[in-house]
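Encoded as structure tokens, the structure appears first; notes follow it.
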Amino acid sequence: MAEGLTPRGQDFSRWYNEVVRKAQLADYAPVRGCMVIRPYGYALWENIREELDERFKETGHENAYFPLFIPISFLEKEAEHVEGFSPELAVVTHGGGKELEESLAVRPTSEAVIGPMYARWIQSYRDLPVLINQWANVVRWEMRPRLFLRTTEFLWQEGHTAHATRREAEAEIQRMLDVYADFAENMAAIPVFKGRKSKRETFPGAAATYSIEAMMGDGRALQAATSHDFGQDFARAFDITFQDADGELRHCWTTSWGLSTRFIGAIVMVHGDDRGLILPPRLAPIQVVIVPIWKDEEARSAVLEAVRKIEAELDGLSVKVDDRENFTPGYKFNEWELRGAPLRIEIGPRDVAARQAVLARRDVPGREGKEIVPLDNLSDEVRRTLDAIQQALYQRAQQFRDSRTAEPEDYAAFTDAVAEGFARAWWCGGAACEQKVKDETTATIRCIPFEQPAAGGKCIVCGKSAEQQVIFARAY
RNA sequence: CGGGGCGUAGCGCAGCCUGGCUUAGCGCGCGUGCUUUGGGAGCACGAGGUCCCGGGUUCGAAUCCCGGCGCCCCGACCA
């Protein structure tokens, strides 16, 4: 157990806060709701960004950058959009020492500034599709901020695309949702449910919102990424039209999709344990930490020489040698466990003499997670172990999620289920039933999963016939 | 915006109720030196403070009173 870390089971949200800060992912900033992402946390974000960016490029997207400030009148062009976001807008009223003629919103999202540009750039079906992504910061004035999960300013990427046909736009929405799900599962080792949002949970102004939903270590749900179908609504609001091959002037079909620094919160809450953070090897800023051990000067040079060789053999991996002289090995073990480095190599005089090293897996704490490996096949063993950790984290997360996902038969079992985790239940589609659940249990519909049983059932709330099963859970 | 809690050294806190016993203290961390180093090392010396801000009461305020500001936690809103 890490010194001074609140156990996860005792107070999960306190545990989360302590891990984020003690692992040096982030810290509070002077302005309420804002945070500083520290180098270690930012390195994690950079890894997320690189991986996603590559996938966006592979699916034909280009990066661009749109401005931070949006004239208020632009936001007002789409009624539901402005209504949804106005409570959380930061607005600039002065510039250059003078009151502005028109106030500027600090973007809460960029549809309203990108739309008018697309209107200008798109004339013909030959200009379509437009497939643009931007990496940016956005600001939403939140009532209750939490590090990474809900901060006033956060970093994200937002893809914005325009298409000639509904079918093409819908394919885009699904494609990007698949990209996110693949990324979450294969890189972050986080299993997710893919599905559509209920009307109540749909992005302001969107015709439909899709998301990937993950279960955190306390059984609550977190929306890890979203993909929105705007139909032709935003195109109408911003006058994004094109002349089709048949000569007709039509409105584009537009989409947007995003993943934010909130995802880091998901990684922390899915994999962490009472010792601290556990980072999935494929995203960890430091995949392997080497802790050299020595007693005297002679041992020190022998050990360090062996360490340099190991470091060279681990080429291609992100390796950190912790050769700080003012900390004991035991201290370093604990610190790197707190900071979530997936794999640790311990090597001292005894190991050097025996031409071996000790591998310690972060996902298996204590003695069971340690393995003595001959130096000759250390490199292979390290790579193999990192893969094994990646797989083990995914499997553990999936087993946990499955064990806390119930299919309750009646309302009493349902309320028990959402107190602990996910409840997969039939829903008639009525907003009243959705609201009742929220009022009585605080759980909401996280998504309507794509995968549905063949036959229908009865609504868990009102008992009327229902065509769809949905996932209810308390959410972040 | 409601309900609760807290502002004292870099961090975590004690002192406040019952004003003076403190030159404002303790633990961790930090600096220097020596001894240490296979699961959070030991000793010695040392540096570090507008006691959140402003006013008031008093011979005297970290402590009592009034006003402000800020932060955290719990609810309503949310990626």
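Throughout, protein chains are lettered first and strands after them, A, B, ... in sequence-line order, and every chain is numbered starting at 1.
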Self-check item: C1'-based separation of B/A9 from B/C52 [nearest Å]
Solution: 15 Å
From CG of A/Leu89 across to P of B/A79 the rounded distance in Å is 14 Å
Taking only N and O in the side chain of A/Asn17, is any of them less than 4.0 Å away from OP1 or OP2 of B/C73?
yes
- prompt: Should A/Glu297 and A/Arg300 count as an ion pair when the cut-off is N to O under 4.0 Å?
  reply: yes
With a 4.5 Å cut-off on side-chain heavy atoms, are A/Val268 and A/Met216 touching? no
The nucleotide from B/U37, B/A79, B/G40 with an atom nearest the side chain of A/Gln223 is B/A79
Closest to the side chain of A/Tyr331, out of B/G40, B/U37, B/G39, is B/G40
query = Does any N or O donor sit under 3.5 Å from an N or O acceptor when you compare the side chain of A/Lys370 with the base of B/G38?
reply = no
Problem - Any donor-acceptor pair under 3.5 Å from A/Lys22 side chain to A/Asn17 backbone - result: no
Taking atom P in both B/G12 and B/U23, what distance in whole Å separates the two? 27 Å
Q) Distance check: side-chain N/O of A/Thr444 vs OP1/OP2 of B/C78, anything under 4.0 Å? A) no
Here the distance between atom C1' of B/A76 and atom NZ of A/Lys438, to the nearest Å, is 8 Å
Every stem of 3 or more Watson-Crick or G-U pairs under 3.5 Å that RNA chain B joins, in order of first number, is B:1-7 with B:69-75, B:10-13 with B:25-28, B:30-35 with B:41-46, B:52-56 with B:64-68
*Between the base of B/C78 and the side chain of A/Arg150, is there any donor-acceptor pair under 3.5 Å?*
yes
Please confirm whether the backbone N or O of A/Arg275 pairs with a side-chain atom of A/Glu337, one donor and one acceptor, at under 3.5 Å?
no
message: For a quick test of reading the model: is some side-chain N or O of A/Thr328 closer than 4.0 Å to OP1 or OP2 of B/G40?
response: no
Margin query: With a 4.0 Å cutoff (strictly under), does any side-chain N or O of A/Lys22 reach OP1 or OP2 of B/G12?
Written below: no
Of the candidates B/C78, B/G40, B/U37, the side chain of A/Trp294 sits closest to B/U37
With a 4.0 Å cut-off, would you call A/Arg308 and A/Glu305 a salt bridge? no
When rounded to whole Å, the OH to P distance for the pair A/Tyr28 and B/G7 reads 17 Å
Whichever of A/Ala360 and A/Ser260 has the more 5' nearest nucleotide on RNA chain B, that residue is A/Ala360
**Request:** Answer with base, sugar-phosphate or nothing: what part of the nucleic acid does A/Gly348 contact at a heavy-atom distance below 4.0 Å?
**Result:** base
Worksheet entry | Near-parallel close stack of A/Trp156 and B/A79 base (under 5.5 Å, under 30°) | no
Between B/U8 and B/C64 - P atom distance, rounded Å: 16 Å
Ranking B/C77, B/G39, B/G38 by distance to the side chain of A/Glu337, first place goes to B/G39
*Using the P atoms only, state how far B/C28 lies from B/A24, rounded to an integer number of Å.*
23 Å
Using the C1' atom as the reference point in each nucleotide, state the distance between B/A61 and B/C51 in Å, no decimals.
-> 11 Å
Side-chain atoms of A/Phe327 come closest, of B/C77, B/C30, B/A79, to B/C30
Point to revise | Pairwise side-chain contact, A/Arg339 with A/Ile278, heavy-atom cut-off 4.5 Å (strictly under) | key: no
Note to self: Any salt bridge linking A/Arg55 with A/Glu58? Criterion: basic side-chain nitrogen under 4.0 Å from a carboxylate oxygen.
What the structure shows: no
Report task. Take atom CD of A/Glu83 as the centre, draw a 6.0 Å sphere, and report whether it contains more than 12 heavy atoms from other residues, nucleotides or ligands. Result -> no
Among B/G39, B/C77, B/A76, the one nearest any side-chain atom of A/Thr442 is B/A76
Between A/Val352 and A/Pro204, the residue closer to the 5' end of RNA chain B by nearest nucleotide is A/Val352
Winner on side-chain proximity to A/Glu142, out of B/C77, B/C30, B/G39, is B/C77
Quick one: does A/Ile345's side chain get under 4.5 Å of A/Val319's, heavy atoms only?
no
Out of B/G38, B/C78, B/G39, minimum distance to the side chain of A/Arg344 belongs to B/G39
*Between B/C53 and B/C59 - P atom distance, rounded Å*: 24 Å
Inter-nucleotide P distance (B/G60, B/C71), Å rounded: 35 Å
Determine the contact category for A/Val358: base if any of its heavy atoms lies under 4.0 Å from a base atom, sugar-phosphate if only primed atoms, P, OP1 or OP2 are that close, otherwise nothing. base
note: A/Lys332, atom NZ; B/G40, atom P; distance rounded to Å ~ 14 Å
Is A/Ser13 touching bases, backbone alone, or none of the nucleic acid, heavy atoms closer than 4.0 Å?
-> sugar-phosphate
Give one of base, sugar-phosphate or nothing for A/Arg350, where a contact means two heavy atoms less than 4.0 Å apart.
base
Subject >> Inter-nucleotide C1' distance (B/C13, B/G7), Å rounded >> reply: 12 Å
So, A/Lys332 and A/Glu335, do they make that salt bridge, N to O below 4.0 Å?
no
